[in-house]
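Report on the following structure.
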Amino acid sequence: MKNLEELFEHQLQDLHSAEDQLTEALPKMIKNAEDSNLKKAFESHLEETKEHKKRIEEVCKDLGFKSKGEKCKAMEGLIKEAEGFLKEVKDTDVKHAGMIAEAQRVEHYEISGYGTAVRYAKELGHNDVAKKLQKTLDEEYAADKKLNDLAENRLNKKAKS
Ligand SMILES: [Fe+2]
């Protein structure tokens with residue numbers, strides 16, 4: 001990588017791989033969520049995640065970048081950790097609290113990635129691209145907030161007993 005443009009391409013490929021892996025992993029979270037609100041949150045985020053992946057493909061096409069190339073090892077690790085947790089946990093309420101924790105780790109990772117990508121897009125003068133990526137960033141923040149509300153309102157308290 002020689003310049004910010006190439007670093008930007010690399011970051012977008014990383015995010016594309018992250019969204020791709022998440023598309024594969026979320027159905028397992030949906031299956032394991034025995035709380036209807038949590039299930040709904042994962043289902044709607046799966047739909048958003050598919051959109052996010054497509055949005056990166058569009059953005060890369062606009063910029064003349066390749067969208068594939070990098071495997072996001074951080075997302076791979078986060079997903080492995082979540083799957084390992086699901087194998088170990090016995091209590092349903094504890095499982096839900098832990099799933100939220102794992103999902104929020106994923107959201108925070110994506111928020112940081114898209115935050116950087118938006119900034120690079122602006123610095124490089126790609127304002128339309130910045131707007132599209134900002135839309136995804138806003139949706140990641142909203143998904144994180146929804147998980148936070150679920151944890152605070154109910155699921156953590158249930159897991160205590
Ligand atoms: Fe996403």
Side-chain angles (χ1 to χ4, degrees), residues 4-33 35-86 95-124 126-152 155:
L4 190 64
E5 189 91 13
E6 287 182 13
L7 180 60
F8 183 38
E9 182 176 19
H10 172 86
Q11 298 278 355
L12 288 175
Q13 288 179 355
D14 189 89
L15 280 166
H16 183 271
S17 164
E19 300 286 18
D20 185 49
Q21 293 181 61
L22 200 52
T23 306
E24 302 284 314
L26 274 167
K28 204 171 198 174
M29 298 296 262
I30 293 168
K31 220 176 84 191
N32 272 283
D35 172 88
S36 67
N37 288 323
L38 187 59
K39 198 186 262 300
K40 261 188 244 154
F42 284 133
E43 279 168 350
S44 74
H45 199 54
L46 174 59
E47 290 317 304
E48 280 178 341
T49 300
K50 288 179 189 164
E51 257 329 289
H52 295 172
K53 190 179 144 190
K54 254 201 275 169
R55 208 171 278 152
I56 293 182
E57 285 162 9
E58 281 168 26
V59 159
C60 284
K61 212 173 154 211
D62 291 348
L63 295 166
F65 289 172
K66 275 190 239 152
S67 60
K68 293 183 191 108
E70 291 294 325
K71 169 129 192 180
C72 177
K73 298 210 177 63
M75 185 59 81
E76 191 181 21
L78 288 169
I79 290 169
K80 262 193 197 145
E81 200 173 281
E83 289 178 348
F85 167 74
L86 284 174
K95 176 175 82 172
H96 290 153
M99 282 168 80
I100 292 178
E102 301 289 352
Q104 283 195 286
R105 279 203 176 85
V106 166
E107 286 314 309
H108 289 196
Y109 178 76
E110 290 195 292
I111 286 167
S112 127
Y114 280 105
T116 300
V118 169
R119 201 168 60 239
Y120 288 178
K122 283 182 185 160
E123 270 179 50
L124 292 163
H126 303 306
N127 292 325
D128 288 348
V129 167
K131 262 184 222 151
K132 283 185 195 167
L133 294 172
Q134 180 68 48
K135 190 166 186 249
T136 299
L137 179 58
D138 292 343
E139 287 168 1
E140 305 292 10
Y141 271 119
D144 182 55
K145 190 181 178 306
K146 202 192 275 176
L147 289 165
N148 216 27
D149 292 346
L150 283 172
E152 279 179 5
L155 295 176

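Remember, it's 1-based here, ligands and their atoms both numbered in the order they're listed. Given the structure is predicted, the values throughout are model-derived calculations rather than measurements.
Comment: Lys145 engages Asp149 in a salt bridge, judged by a side-chain N to carboxylate O separation of less than 4.0 angstrom.
When atom types are taken as modelled, the side chain of Gln21 and the backbone of Cys72 share a donor-acceptor pair closer than 3.5 angstrom. At distances below 3.5 Å, not a single donor-acceptor pair connects side-chain atoms of Lys53 with backbone N or O atoms of Asp20.
Only protein atoms were considered; those of element N, O or S under 2.8 Å from the Fe ion (ligand 1) number 4.
Residues His45 and Glu48 have side chains that bring a donor and an acceptor to within less than 3.5 angstrom of each other. Side-chain contact check for His52 and Glu140: at least one donor-acceptor pair (N or O, by modelled atom type) lies under 3.5 Å.
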task: Given side-chain hydrogen bond (donor to acceptor under 3.5 Å, both in side chains), test Ser17 with Lys68 step by step and report yes or no.
output: CA-CA 7 Å; Ser17 164; Lys68 293 183 191 108; over 6 Å; no
